[in-house]
Each structure stands twice: as structure tokens, then as C-alpha cells.
Engineer: 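Attaching a single structure in C-alpha cells format; questions to follow.
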Amino acid sequence: MRYDLVIFDNDGVLVDSEPISNRLLAAQLTELGHPTTYEESIRDYMGSAMHRVHELVLERTGQRLPDDFDDVFHARVFAAFERELRPVPGVTEVLERLAADGVPYCVASSGSHARIRVGHRTTGLDRWFGQDRVFSSEDVGRGKPAPDLFLHAAERMGVAPGRCAVVEDSPLGVRAAVAAGMDVYGYTAMAPAAKLAEANQLFPAMADLLDLLK
């Protein structure tokens, strides 16, 4: 494999969480008087940290979301994860192959450490990700599309940015990886391919990833 580190996004790449979280986010914003469809949530917030939700609502409406917005949202998401969350089809096989071949990998997610851990524990992916392989936007000052999180993950893993491959499914994540000077592979299971056009390569099925990384 031509890379020294594979960096995975989490939501939508490792765990099939985007449908769940965006359904709940749209519902919560609508409850609070900011009508939002599921499709609009995917368009505006997929792949971003929670501060982006607050910033966009304030920018568009001049109103601030309640102080407990994040806590309420995370409680609803975690409960739904426990009932519904599954690994992304094919990702377990990818992780097994990387581990067997001794290829370093990690996760760098806009989600909180708590969200990552709940998702991994529920889906059984925690066996592949010790704490030293988990990086969150909580660890850096700016989340995606800034490159900070990916650069932080590469530094902690001891790999130069140019030797890293990033696996992303959101436009914000692709932009962050490009800004970090890393090759990025856009997973098009949810986002339209045109939205991920800055990626080095696009792929529709996780089973295709290993061949692309060779």
C-alpha cells in the first residue's frame, strides 16, 4: 500500500449514522421553530461539528439555539444509536485487511469522543479502535472544513500529511483533507458524487476501497 496512514471519517464511513442523526437534527430544529427537512440537514450539516449548526441558525435567523441544544440532541442520538446503528456495509472487512497487513489507521471525526465511542461500542467497531486511534474535533480549535483535525491526527500518529489517505463522505471533510495536503477518497453512498468532486477518487461501495489504496 502506498500510504503510511489511512484516516477514516466516522459518521457515514465507519458507522451508518448519518440517516439517524440528520433525521433527529432536522426534527429538533423544526421543533424549535427553524423548519428543516432531512434533505436540508444532509446538505447543510453532514460532516460538520455542532458549532456549525449554531452558527448557521444564528446567521440565517438572528436567533441563538438554546443552551441545552447539544445535550438534548446527543441524548436523542445516543438512544437511537443503541436501537438502530449498524456498521457501514463492508467496513469491517476493510479494517480486518488493514490490521492483517499492518497498515496504520485511525478515525478523525467531527463528532465528540462520546459520540464516537457510543457508535463504536454499539456496532462492535471498538475492537478496531483503541483510544490512541480516535481523534475528534473536540481535540482541535477548528473543525472541518479546516485541516486542523486531520493534521492533528497525522501528527499524533507520527505520519507526514503527504503520506496519508483520508476516507470521507462529506464535502466539508473532503475540503479539510485537501487543505491538509492529503489524498482523499470520497465515499458516495449518501452525498452526490458532484459534491465530493475535489476528492482524488470517488467510490460507491466500501468493498472497492482497498484496491484504490494500493
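Here the structure is a predicted model, which is why all the values come from computation and not from measurement.
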Engineer: Can you measure from CD (E84) to CD1 (I20) and round to the nearest 0.5 angstrom?
Structural biologist: 4.5 Å

Engineer: Looking only at heavy atoms, what is the nearest atom pair of S48 and L172, with distance?
Structural biologist: CB-CD1, 3.4 Å

Engineer: Has S136 got a side-chain atom pairing as donor or acceptor with G111's backbone, closer than 3.5 angstrom?
Structural biologist: yes

Engineer: Taking all heavy atoms of A176 and all of A146, pick out the closest pair and write down the distance.
Structural biologist: CB-O, 3.3 Å

Engineer: So, do R60 and D44 sit near enough that their side-chain heavy atoms are less than 4.5 Å apart?
Structural biologist: yes

Engineer: Between atom OH of Y187 and atom CG of L196, what is the distance when rounded to the nearest 0.5 Å?
Structural biologist: 12.0 Å

Engineer: Are M50 and F81 linked, directly or through intermediate hydrophobic residues, by side-chain heavy-atom contacts shorter than 4.5 Å (ILVMFWY only)?
Structural biologist: yes

Engineer: Show which side-chain atoms of residues 150-165 pair as donor or acceptor with protein atoms under 3.5 Å away, not counting sequence neighbours.
Structural biologist:
residue, atom, partner, partner atom, Å
R163, NE, D4, OD2, 2.9
R163, NH1, R2, O, 3.2
R163, NH2, R2, O, 2.8
R163, NH2, D4, OD1, 3.4

Engineer: By side chain to side chain contact (heavy atoms under 4.5 Å, CB included), which residues pair with Q131, not counting sequence neighbours?
Structural biologist: H113, R117, V134

Engineer: Show me the donor-acceptor pairs, under 3.5 Å and distance only, between side chains in residues 96-108 and residues at least two apart or in other chains.
Structural biologist:
residue, atom, partner, partner atom, Å
R97, NE, D101, OD2, 2.9
Y105, OH, W128, O, 2.8

Engineer: Quick check: do L95 and F129 have side-chain heavy atoms less than 4.5 Å from each other?
Structural biologist: yes

Engineer: Measure the CG-CG distance between D169 and L202 for me, rounded to the nearest 0.5 Å.
Structural biologist: 12.0 Å

Engineer: Hey, does V184 have a side-chain heavy atom less than 4.5 Å from the side chain of V178?
Structural biologist: yes

Engineer: Please round to the nearest 0.5 Å and tell me the distance separating atom NE2 of H34 and atom CG of L65.
Structural biologist: 5.0 Å

Engineer: Apply the hydrophobic cluster definition, ILVMFWY joined by side-chain contacts under 4.5 Å directly or through others, and give me every member besides M46.
Structural biologist: Y38, I42, M190

Engineer: Establish whether F135 and V167 are linked, either directly or via other cluster members, by ILVMFWY side-chain heavy-atom contacts under 4.5 Å.
Structural biologist: no

Engineer: Going by ring-ring contact (aromatic ring centres under 6.0 Å, His included), name the pairs with one or both residues in residues 45-75, residues two or more places apart or in two chains.
Structural biologist: H54-F69, H74-F78

Engineer: Quick one: salt bridge (Lys or Arg N to Asp or Glu O under 4.0 Å) pairs with a partner in residues 179-192, sequence neighbours left out?
Structural biologist: none

Engineer: Search all heavy atoms of V91 against all heavy atoms of P87 and return the closest pair with its distance.
Structural biologist: CG1-CB, 4.2 Å

Engineer: Check whether any side-chain heavy atom of K144 sits under 4.5 Å from a side-chain heavy atom of D9, and report yes or no.
Structural biologist: yes

Engineer: With rounding to the nearest 0.5 Å, note down the distance linking CD in E31 to OG1 in T36.
Structural biologist: 11.0 Å

Engineer: For R83, enumerate each residue passing the side chain to side chain contact (heavy atoms under 4.5 Å, CB included) test, keeping only those at least two apart in sequence or located in another chain.
Structural biologist: A79, A80

Engineer: For residues 205-214, which side-chain N or O atoms pair as donor and acceptor with protein atoms under 3.5 Å away, sequence neighbours left out?
Structural biologist:
residue, atom, partner, partner atom, Å
D211, OD1, K214, NZ, 3.2

Engineer: Taking C-beta and beyond as the side chain, do V94 and F8 meet within less than 4.5 Å on heavy atoms?
Structural biologist: yes

Engineer: Check side chain to side chain contact (heavy atoms under 4.5 Å, CB included) between D67 and all other residues, then give those that pass, not counting sequence neighbours.
Structural biologist: none

Engineer: Should V6 and V166 be counted in the same cluster of Ile, Leu, Val, Met, Phe, Trp and Tyr side chains packed under 4.5 Å apart?
Structural biologist: no

Engineer: Does S110 reach the main-chain N or O of S137 with its side chain, forming a donor-acceptor pair under 3.5 Å?
Structural biologist: no

Engineer: Is there a path of hydrophobic side-chain contacts, each under 4.5 Å between heavy atoms of I, L, V, M, F, W or Y residues, that connects L125 with V77?
Structural biologist: yes

Engineer: Who passes side chain to side chain contact (heavy atoms under 4.5 Å, CB included) against R121, sequence neighbours left out?
Structural biologist: E82, V118, D126

Engineer: Hey, can you pull the donor-acceptor pairs under 3.5 Å for the side chains in residues 10-18, sequence neighbours left out?
Structural biologist:
residue, atom, partner, partner atom, Å
N10, OD1, H120, NE2, 2.7
D11, OD1, S17, OG, 2.4
D11, OD1, R115, NE, 3.3
D11, OD1, R115, NH2, 3.2
D11, OD2, R115, NE, 3.3
E18, OE1, N22, ND2, 2.9

Engineer: Please, which pairs that meet side chain to side chain donor-acceptor pair (under 3.5 Å) have at least one residue in residues 188-198, sequence neighbours excluded?
Structural biologist: none

Engineer: Just so I know, are the side chains of E40 and L29 near enough to count as touching, which here means a heavy-atom distance under 4.5 Å?
Structural biologist: no

Engineer: Using the rule that Ile, Leu, Val, Met, Phe, Trp and Tyr join whenever any side-chain heavy atoms are under 4.5 Å apart, tell me whether Y185 and M1 fall into a single cluster.
Structural biologist: yes

Engineer: What's the separation between atom CG in L5 and atom CZ in R133, rounded to the nearest 0.5 Å?
Structural biologist: 9.0 Å

